[in-house]
> 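Below is the structure I would like to discuss, written out as C-alpha cells.
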Amino acid sequence: MNVPHKKKNKKSVKSAKTISELRRDIVSGEWVVIATGRGKRPEAFKSKPASFSHPKKTCPFEDPQATGHGQPLLKYFKPNSKEWLVQVVPNKYPAFISKGVCQTFGKVGPYTVTNGYGFHELFILGDHKKYALSLYSQEELSELIRAYHERYTVLSEEPCIQYITIFHNHGRQAGSSIGHPHSQLIAMPVVPPDISGSLNGSKNHFHETGQCVHCLMIEFEKNEKIRIVFENKSFIVFAPFVSRSAFEMRVFPKKHQASFGFLTEKEERLDLAEALKVALTKLYKGLNDPPFNFFIHTSPTDSEHFDHYHWHIEIVPKTSIWAGFELGTGIEISAIEPENAAKFLRKIKHF
C-alpha cells in the first residue's frame, strides 16, 4: 500500500515542476511565475513589427522648433556635417513643469498632495528613416547616451529634484504615440515607489551581508553563464533569473556605481552603447521588431547616501498583456524560461 502512495507523490511533484516555477526577486522580494508548462518556443513571441512612422512632412519631430517644441536645450551634430544627430527639447505636453513652489505638501482629506514640479524633456534623433534604435551605430548611440548624461547631470543640481528617470518607448503597445525615435527624461520632486522598493532591498542586503546585491547578481550570472546575452570590458547584458516578462534583459556596468551620473569616461560610454545596441538588435532581429520599453534605474540625485545601489538599464519587451491574475496579485507570468530566452538571443547575429 505504501509503495504506490510514494510513487504517486513523486509523480505529482515532478508534474508540478514541469507546469511552473515561482522565483523570488532577491532585491524586491516579489515573486514571478516562470510558466514552463505553457512551453512557448522563442519563435512564438514574434509579432507584427512595432515600428511605425508619420509622413516626413507631417512628422512633429522632423523639425521640432517648427512644431512648437521650443529651442534646443542641447544639440549634437553628425561628424563633419550640419545635420543634427540628436537634440533635447522641453516636452510640448509635459507631465511636470518647473513653475510654482516645489516640495510643499498638503492634505486633501486623508490624502497627501504636492505640486507637479519638475522637468519633462525629449531626446529626439535626427534621422527620420531610422525608425528603431537598433538601426543606429554604436557611435551614434554613444552620442545619445552622452545627451542623457549631460541633461541628467544638469538637472541633478536642481534643489527640488529628488529623482530623474530616463526611458524609451518603442511601438504603440509600449506607449509610443510618435514613431520617430525619441527618448524621454522626467525629473521629479519625489522618489517613485518602484525605485524606493529597489533601494530598500539593496540597502537591507548590504546591511545583512556587506555586499552589493547587484554585484552578487552579476557574479552569479558570470559563473552560471547560461543567462548572459552579451558582455564587453565595461558592461554585461543578461536575462535576469527572475524575469518579469519573456525576453527581459538588464544591462549592468561591471564596475560598482550607484548613479548613472558616474558614467563619465568616453570609453565606458562607448561600451554601454555597444551593449545597448547588441541587446536591441538581437530583439529586433530575433522577435521581428517587438514593442519594448527600456529605462535607467539609478540612485536618487543625492547619490552619496546610496553607495549600496548599482545603476542599470532594464529592457522589457511587450510580449504579454496583464490579465486578472497579474492585476489581482501583482505577480507577473513569463511564458519562457530566461535561460531559454538568453540561449535564443545569443544565437542571433547582431552585426
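Residue numbers run from 1 in the order of the sequence given. In this text, all values refer to a predicted model and were calculated from it rather than measured experimentally.
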> Does the pair Glu248/Arg250 count as a salt bridge with the N-to-O cut at 4.0 Å?
yes

> When the aromatic ring centroids of His214 and Phe252 are compared, is their separation below 6.0 Å?
yes

> As an exercise, state the distance from CZ of Phe344 to CD1 of Ile336, rounded to the nearest 0.5 Å.
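Here the interatomic distance stands at 8.0 Å.
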
> How about Arg227 and Pro338: do any of their side-chain heavy atoms sit closer than 4.5 Å?
yes

> Is the gap between the ring centers of Trp311 and Phe260 under 6.0 Å?
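Ring centres of Phe260 and Trp311 closer than 6.0 Å.
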
> For salt bridge (Lys or Arg N to Asp or Glu O under 4.0 Å), just list the numbers for Arg23 and Glu21, CA-CA rounded to whole Å, side-chain angles, deciding distance to a tenth of an Å, and then say yes or no.
CA-CA 6 Å; Arg23 297 185 180 183; Glu21 182 176 70; 2.7 Å; yes

> So do Ile333 and Glu326 actually touch side chain to side chain, heavy atoms under 4.5 Å?
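Glu326 vs Ile333: side chains touch.
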
> Are side-chain N/O atoms of His310 and Gln257 paired as donor and acceptor at under 3.5 Å?
no

> Would you check, one step at a time, whether the test ring pair (Phe, Tyr, Trp, His ring centres under 6.0 Å) holds for Tyr148 with Phe123?
CA-CA 8 Å; Tyr148 289 168; Phe123 296 77; 5.0 Å; yes

> Using 0.5 Å steps for rounding, measure from the CZ atom of Arg269 to the CG atom of Leu144.
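So the gap between those two atoms works out to 11.0 Å.
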
> Which heavy-atom pair separates Thr104 from Thr114 by the least distance, and what is that distance?
O-OG1, 3.0 Å

> Are Ile186 and Ile296 linked, directly or through other ILVMFWY residues, by side chains that come within less than 4.5 angstrom of each other?
no

> Between Ser176 and Asn169, does any side-chain donor sit less than 3.5 Å from a side-chain acceptor?
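On atom types as modelled, these side chains do not qualify, holding no pair under 3.5 Å.
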
> So does Lys130 have more than 12 non-hydrogen atoms from other groups sitting under 6.0 Å from NZ?
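More than 12 heavy atoms, drawn from other residues, nucleotides or ligands, come within 6.0 Å of this atom.
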
> Kindly give the heavy-atom pair with the smallest separation between Leu199 and Ser299, and that separation in Å.
CD2-CA, 4.5 Å

> Does the side chain of Leu155 reach to within under 4.5 Å of the side chain of Leu185, using non-hydrogen atoms?
yes

> Please report the closest heavy-atom contact between Gly171 and Pro291, naming both atoms and the distance.
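Of all heavy-atom pairs spanning Gly171 and Pro291, the closest is CA-CB, 4.5 Å.
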
> Ring centroid separation for His69 and Phe61, is it under 6.0 angstrom?
yes

> Linking I/L/V/M/F/W/Y whenever any side-chain heavy atoms sit under 4.5 Å apart, do Phe235 and Ile313 land together?
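Yes: a chain of side-chain contacts under 4.5 Å links Phe235 to Ile313.
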
> Would you check, one step at a time, whether the test salt bridge (Lys or Arg N to Asp or Glu O under 4.0 Å) holds for Lys57 with Glu62?
CA-CA 8 Å; Lys57 290 183 179 180; Glu62 180 63 25; over 6 Å; no

> Would a hydrophobic clustering, with Ile, Leu, Val, Met, Phe, Trp and Tyr connected at side-chain separations under 4.5 Å, put Val89 with Trp84?
yes

> Looking at Ala239, is its backbone amide N or carbonyl O close enough to the side chain of Ser243 to form a donor-acceptor pair, meaning the two atoms are under 3.5 Å apart?
no

> Kindly indicate whether the side chain of Ile26, heavy atoms from C-beta on, has any atom under 4.5 Å from the side chain of Phe241.
no

> Treat each ILVMFWY residue as a node, draw an edge where side-chain heavy atoms are under 4.5 Å apart, and state whether Tyr284 and Val251 are in one component.
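Per the 4.5 Å side-chain linkage, Tyr284 and Val251 are not co-clustered.
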
> Identify the two heavy atoms, one from Pro94 and one from His120, that lie closest to each other, and give their separation to 0.1 Å.
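Shortest heavy-atom separation between Pro94 and His120 comes out as CA-ND1, 3.5 Å.
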
> For Thr209 and His205, test the side chains for any donor-to-acceptor distance below 3.5 angstrom and give the result as yes or no.
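Side-chain D/A pair, Thr209 to His205: present.
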
> Are His180 and Tyr131 close enough that their ring centers fall under 6.0 Å?
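Ring centroids of His180 and Tyr131 are no less than 6.0 Å from each other.
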
> Kindly check if the number of other-residue, nucleotide or ligand heavy atoms within 6.0 Å of NZ (Lys343) is above 12?
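For Lys343, atom NZ is not crowded (no more than 12 foreign heavy atoms under 6.0 Å).
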
> Are side-chain N/O atoms of Asp302 and His305 paired as donor and acceptor at under 3.5 Å?
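There is such a pair between these side chains.
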
> Kindly check if the number of other-residue, nucleotide or ligand heavy atoms within 6.0 Å of CD (Gln173) is above 12?
no

> Using only heavy-atom distances, determine whether the side chains of Gln65 and Gln87 contain a donor-acceptor pair under 3.5 Å.
yes

> Is there a side-chain contact between Tyr117 and Ile97, using heavy atoms and a 4.5 Å cut-off?
no

> Can you confirm whether the side chains of Lys277 and Ser134 place a donor and an acceptor under 3.5 Å from each other?
no

> Taking everything shown except Lys92 itself, do over 12 heavy atoms lie less than 6.0 Å from its NZ?
yes

> If you count the non-hydrogen atoms of other residues, nucleotides and ligands that lie under 6.0 Å from CZ in Phe105, is the total more than 12?
yes

> With rounding to the nearest 0.5 Å, note down the distance linking OG1 in Thr301 to OH in Tyr163.
10.5 Å

> I'd like to know if the side chain of Thr67 and the backbone of Pro64 have a donor-acceptor N/O pair within less than 3.5 Å.
yes

> Do Lys75 and Val88 make a side-chain contact, defined as non-hydrogen atoms from C-beta onward lying under 4.5 Å apart?
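No, side chains not in contact.
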
> Please give me the minimum heavy-atom distance between Leu276 and Phe294, naming the atom from each residue.
CD2-CZ, 4.2 Å

> Are a donor atom and an acceptor atom from the side chains of Gln184 and His168 found within less than 3.5 Å of each other?
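Side chains of Gln184 and His168: no pair found under 3.5 Å.
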
> Give a yes-or-no answer on whether the side chains of Thr298 and Tyr309 include a donor-acceptor pair shorter than 3.5 Å.
no

> Measuring from Ile161:CD1 to Ser98:OG, what's the distance to the nearest 0.5 Å?
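The distance works out to 8.5 Å.
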
> Looking at Phe230, does the NZ or CZ of Arg346 lie under 6.0 angstrom from its six-membered ring centre and within 45 degrees of the ring axis?
no

> Is Lys225 reaching over with its side chain to a backbone N or O of Lys222, donor-acceptor style, under 3.5 angstrom?
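Yes, Lys225 side chain to Lys222 backbone: donor-acceptor pair under 3.5 Å.
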
> In terms of hydrophobic clusters joined by side-chain contacts under 4.5 Å, are Val316 and Leu272 together?
no

> Between Glu143 and Arg146, is there a salt bridge with N-O shorter than 4.0 Å?
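Salt bridge flag = yes for Glu143 with Arg146.
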
> How far apart are the C-alpha atoms of Lys78 and Glu140, what are their side-chain angles, what is the distance that settles it, and do they pass the salt bridge (Lys or Arg N to Asp or Glu O under 4.0 Å) test?
CA-CA 8 Å; Lys78 297 178 180 179; Glu140 290 170 331; 5.7 Å; no

> With a 4.0 Å cut-off on N to O distance, would you call Arg24 and Glu30 a salt bridge?
no

> Roughly how far apart are Gln71 CD and Leu73 CG, rounded to 0.5 Å?
9.5 Å

> How close do Ser245 and Pro317 get, heavy atom to heavy atom, and via which atoms?
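Where Ser245 meets Pro317 most closely, the heavy atoms are OG-O, 3.7 Å.
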
> Going by atom types only, do His350 and Thr281 share a side-chain donor-acceptor pair under 3.5 Å?
no

> With a 4.5 Å heavy-atom cut-off, do Val237 and Ile228 have their side chains touching?
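No, every pair of side-chain atoms sits at 4.5 Å or beyond.
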
> Take atom CG in Leu22; do more than 12 heavy atoms of anything else shown fall under 6.0 Å from it?
yes

> With the side chain counted from C-beta on, respond yes when Asp289 and His170 share a heavy-atom pair under 4.5 Å apart, and no when they do not.
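In short, these two side chains touch, coming nearer than 4.5 Å.
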
> Test salt bridge (Lys or Arg N to Asp or Glu O under 4.0 Å) on Glu268 and Lys233; report intermediate values, then the result.
CA-CA 9 Å; Glu268 288 184 344; Lys233 180 181 178 181; over 6 Å; no

> State whether the side chain of Asn232 and the backbone N or O of Asp271 hold a donor-acceptor pair below 3.5 Å, judged by distance alone.
yes

> Mind checking the CD-CD1 spacing from Glu231 to Ile236? Nearest 0.5 Å is all I need.
4.5 Å

> Is the number of heavy atoms from other residues, nucleotides or ligands under 6.0 Å of Lys48 NZ greater than 12?
no

> Please tell me whether Asp307 and His256 have a donor and an acceptor in their side chains that are separated by less than 3.5 angstrom.
no

